[in-house]
There are 2 protein chains.
Amino acid sequence: MAGEDVGRFTFDPAPVQRTHFEKERLRVKAVKHKPGHVTLLDIARACGFSVSTVSIVLSEAPLSRNVAVKTRERIRAKARQLGYHPDAYARSLRRRRSQTIAVLAYDLSDPFCFPILRGIQSGLHPAQFRPLLMDAETERKLFDSYLKMILELRAEGLIVIASWVFEETNLLADMEKNHVPIVIVGRDLTPSKISSVLVDNEAGGALAMRHLCALGHRKIAVIRGPAELFDSAPRWAGVQRAGAEAGIRIDPRLVFQLPGMVDPASGFEGGRDFARQILASGRACTAVLAFDDLTALGVVRGLNEAGLRVPEDCSVLGFDDVLPAAMATPGITTIRQPLAEMGSLAAQWVLEAIEARESGRQKAPQLYKARPELVVRMSSGPPP
Amino acid sequence: MAGEDVGRFTFDPAPVQRTHFEKERLRVKAVKHKPGHVTLLDIARACGFSVSTVSIVLSEAPLSRNVAVKTRERIRAKARQLGYHPDAYARSLRRRRSQTIAVLAYDLSDPFCFPILRGIQSGLHPAQFRPLLMDAETERKLFDSYLKMILELRAEGLIVIASWVFEETNLLADMEKNHVPIVIVGRDLTPSKISSVLVDNEAGGALAMRHLCALGHRKIAVIRGPAELFDSAPRWAGVQRAGAEAGIRIDPRLVFQLPGMVDPASGFEGGRDFARQILASGRACTAVLAFDDLTALGVVRGLNEAGLRVPEDCSVLGFDDVLPAAMATPGITTIRQPLAEMGSLAAQWVLEAIEARESGRQKAPQLYKARPELVVRMSSGPPP
DNA sequence: ATGTTTTATTCAAACGTTTGAAACCTTGAC
DNA sequence: GTCAAGGTTTCAAACGTTTGAATAAAACAT
């Protein structure tokens, strides 16, 4: 009995642990001038409150309603004066939230990516999420290393901009395993249960073809996209369908195929080569339906080099409506993808998926095919 | 004397703290299925070692040499199997390093930014730093909020791509206060003690002017950049110098000034307007020296709309060598900025500054003016 | 046997935040 | 003079990782 009491009243009962306060005091002495950033503790010391109070005030936690107004002001002032910025790492660690959504583009240098990016950003800004931008530079290795990084940075969602280069292999496994919601822009991956936003390529192809037919063209050359590229097939299908509807048989000898691209700008050279080839072959055509805008620009260049003018001698159509197409002279008639809208829809979907996961629900993968739009500029006209 | 000993031998000396082991055991029972990511503890439990050992092995710390090979393998296998990825937040918090360099662009949609970005990325990749890409979208508010974010995310360095929009006001204060090294690309801020990488605008302007003079042009119109833009003045100075050297007086009535830009693409409209104005005024010129490529493209468009051809009736020069200038037909003769090299130099400088700071030294701000290069394409030729 | 080194593993204290629970004042009521 | 209520502030335990110091076990020499 006495033994128990002694235990409680001993003068020096095995000093197992220092109190928090003691630890803080020690630190005050130990650290002379911190090389790093200013912390809550610095502020707490500077104005005589505990770290807790300071935290509560500065993070505007619900509890801060209970803190005296005078105290609040004193703390805020000190924080401002010392240039305090909360440590995102400590905060995210503790809160178990990164407030981060990764945006992984297969190649930012593709003018196609920008408007999408803008859409994503505009969709993300209102929510309290910061975009984590990454550019895979069309390199598989980089792409994978970024995916690893995304997992390590505990991104709460992922938006992939990928018209190609994107093989779902490991990605799916590891992301899925960690319950990171994914949305992909520019490709249909709903078969793999990933929400997808893309343009209706089939409709776009048809739109382009109908435009040329309406202008009176009959001999139309078509440059199909590279085989690896997901967009190529449906676009071609749409072109064929519209041709059939207009009663036009597309001469197979006027159908070309872009080689596999190594970088997005290579479409330009492809288009230029095509123009040279068709002129050399002597086969006549009054219009060229190019796979995308950069290819169309290449075609214009190739035709010009041979002394042919666009659109007087030959019409040229592009696809995507990227910046260079609008700024060239003649401006390229093209099929516009509503890229910004697509981006912001992707952002919205990711946010919804995160919210759903939060409340225990599961969001079924969705698919949205944006309606393309014909933009008539100067590169198309009636046949000569 | 007895009292002290009693303290040590008491049966139940106020159980002040649970041991680490106990804590872990408790957690094992408490948490059934973790909703979040798999942690070191999960792996430790799964293969019967302590968290320390697992950490040492997986992070390949120096101590891991002492860990039995068998153990190492077992741990690695388990980590792979469970899909473990170290938590960047916990790691950075503990290591007090974010391994992150922020790259803040004033407007990613400007084709001018990309090549720089690529340069930066290529300079950063070999080092163990991840770029933290941010796009201010030409909005002051966003710019500031990103700067705040950069501080919170404890970026170890900052590269700013800013030909404009960048006012150094608060930035300097807060970044400097936290010892974050800064390099700016596209503007000389060495007066504010910030290392700067930019093109030698004066030399570029002169280069362009000399090209036109050499072709035999005498009546040369010049479109000066917007006043807010830092590049405008030195470029104009170079043009004047080269003109004087060639004995050419530039007719003040042929000198125009772009209005302040709201977005990077607005140069196009500026150039187009200019062409309309000069044609309407009836003043003759045989060449136009435009402030940048986008402006040059606008001029080409404007001239074409009036029935004038480039370069037969009038030569047009650009500046920067961005993608659309190369892809237009005719290709725009321009002054190339070695953007990629500039970007990678900026990256190198930041890395050096970080290293310097690490070893207590201080790196003096540097200035590099890249040598511009004339790229002759098809938009320039002898006067008619 | 006893000490010394080597090898393999773990302890416990950080890093900077957040937050449920506890403690500390006042003040007012019985 | 005790109790309760309320407002204000602090405690202490997390979050997941790293790491200097400590321990345990084995190997080796004395």
Side-chain angles (χ1 to χ4, degrees), chain A residues 16-24 26-27 30-31 34-44 47-72 74-75 84-98 152-154, chain B residues 16-24 26-27 30-31 34-44 47-72 74-75 84-98 152-154:
Chain A
V16 268
Q17 204 202 11
R18 294 194 193 93
T19 75
H20 221 65
F21 185 66
E22 281 175 301
K23 276 198 266 177
E24 293 189 10
L26 275 173
R27 201 166 153 220
V31 180
K34 288 242 299 308
H37 291 248
V38 32
T39 72
L40 285 180
L41 182 57
D42 294 320
I43 301 178
C47 54
F49 290 97
S50 77
V51 171
S52 314
T53 308
V54 177
S55 166
I56 288 167
V57 169
L58 292 180
S59 66
E60 294 176 42
L63 276 175
S64 71
R65 287 190 310 100
N66 301 339
V67 175
V69 182
K70 216 173 52 186
T71 309
R72 273 188 277 196
R74 211 136 63 94
I75 290 177
Y84 170 78
H85 292 267
D87 184 318
Y89 292 92
R91 169 176 281 178
S92 291
L93 180 59
R94 167 63 220 219
R95 285 192 176 159
R96 323 191 66 176
R97 299 218 52 173
S98 66
E152 296 184 352
L153 287 170
R154 303 294 191 250
Chain B
V16 270
Q17 202 200 12
R18 294 194 193 95
T19 75
H20 221 66
F21 184 67
E22 282 176 300
K23 274 197 268 175
E24 293 190 10
L26 274 174
R27 204 170 151 215
V31 180
K34 288 244 297 308
H37 291 249
V38 31
T39 72
L40 286 180
L41 182 58
D42 294 321
I43 301 178
C47 54
F49 290 98
S50 76
V51 170
S52 314
T53 308
V54 176
S55 165
I56 287 167
V57 168
L58 292 180
S59 66
E60 293 175 42
L63 276 175
S64 71
R65 286 191 311 98
N66 299 340
V67 175
V69 182
K70 216 174 49 183
T71 307
R72 274 188 276 197
R74 215 140 58 97
I75 290 177
Y84 171 78
H85 292 268
D87 184 318
Y89 292 92
R91 168 175 284 179
S92 291
L93 179 59
R94 168 64 221 220
R95 285 193 176 159
R96 322 192 65 176
R97 298 217 54 172
S98 65
E152 296 184 356
L153 287 170
R154 302 297 190 248

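Naming convention: chains lettered A, B, ... in sequence-line order (proteins, then strands); numbering from 1 in each chain. Worth saying up front: this structure is predicted, and the values here are computed from it rather than measured.
Checked against salt bridge (Lys or Arg N to Asp or Glu O under 4.0 Å), A:Arg95 has no partners two or more places apart in sequence or in another chain.
Contact between A:Tyr89 and B:Ser98 at its shortest, heavy atoms only, is OH-CB, 3.4 Å.
Atom CZ in B:Arg91 sits about 16 Å away from atom C1' in D:dC15, given to the nearest Å. Put simply, CD1 on A:Ile75 is 15 Å from C1' on C:dT18, counting in whole angstrom units. Rounded to an integer number of Å, the gap from CZ of B:Arg96 to C1' of D:dG16 is 17 Å. Between the C1' atom of D:dC15 and the CZ atom of B:Arg95 lies a distance of 17 Å, rounded to the nearest Å. Rounded to whole Å, the distance from CG on A:Asp42 to P on C:dG16 is 8 Å. Spacing between atom CG of B:Leu58 and atom P of D:dG16 amounts to 16 Å, rounded to whole angstrom units. Rounded to an integer number of Å, the gap from A:Lys70 NZ to D:dG7 P is 17 Å. Distance CD (B:Glu60) to P (D:dT17): 16 Å, rounded to an integer number of Å.
Within 6.0 Å of CZ on A:Arg74 lie no more than 12 heavy atoms contributed by other residues, nucleotides or ligands.
B:Leu40 places a side-chain heavy atom less than 4.5 Å from the side chain of B:Tyr84. Between B:Ile75 and B:Val67, every side-chain heavy-atom pair lies at or beyond the 4.5 Å cut-off. Side chains of B:Arg154 and A:His85 form a contact here, defined as non-hydrogen atoms less than 4.5 Å apart.
Note on B:Ser59: only backbone sugar-phosphate atoms sit closer than 4.0 angstrom, heavy atoms only; bases stay farther off.
At C:dT18, none of the side-chain N or O atoms of A:Tyr89 fall inside 4.0 Å of OP1 or OP2 (strictly under the cut-off).
No donor-acceptor contact under 3.5 Å links the side chain of A:Arg94 to the base of C:dT17.
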_Under 4.0 Å protein heavy-atom contact, by nucleotide of nucleotides 5-10 of chain C - B base, S sugar-phosphate only_ = ---BSB
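At least one donor-acceptor pair under 3.5 Å links the side chain of B:Ser59 to the backbone N or O of B:Ser55.
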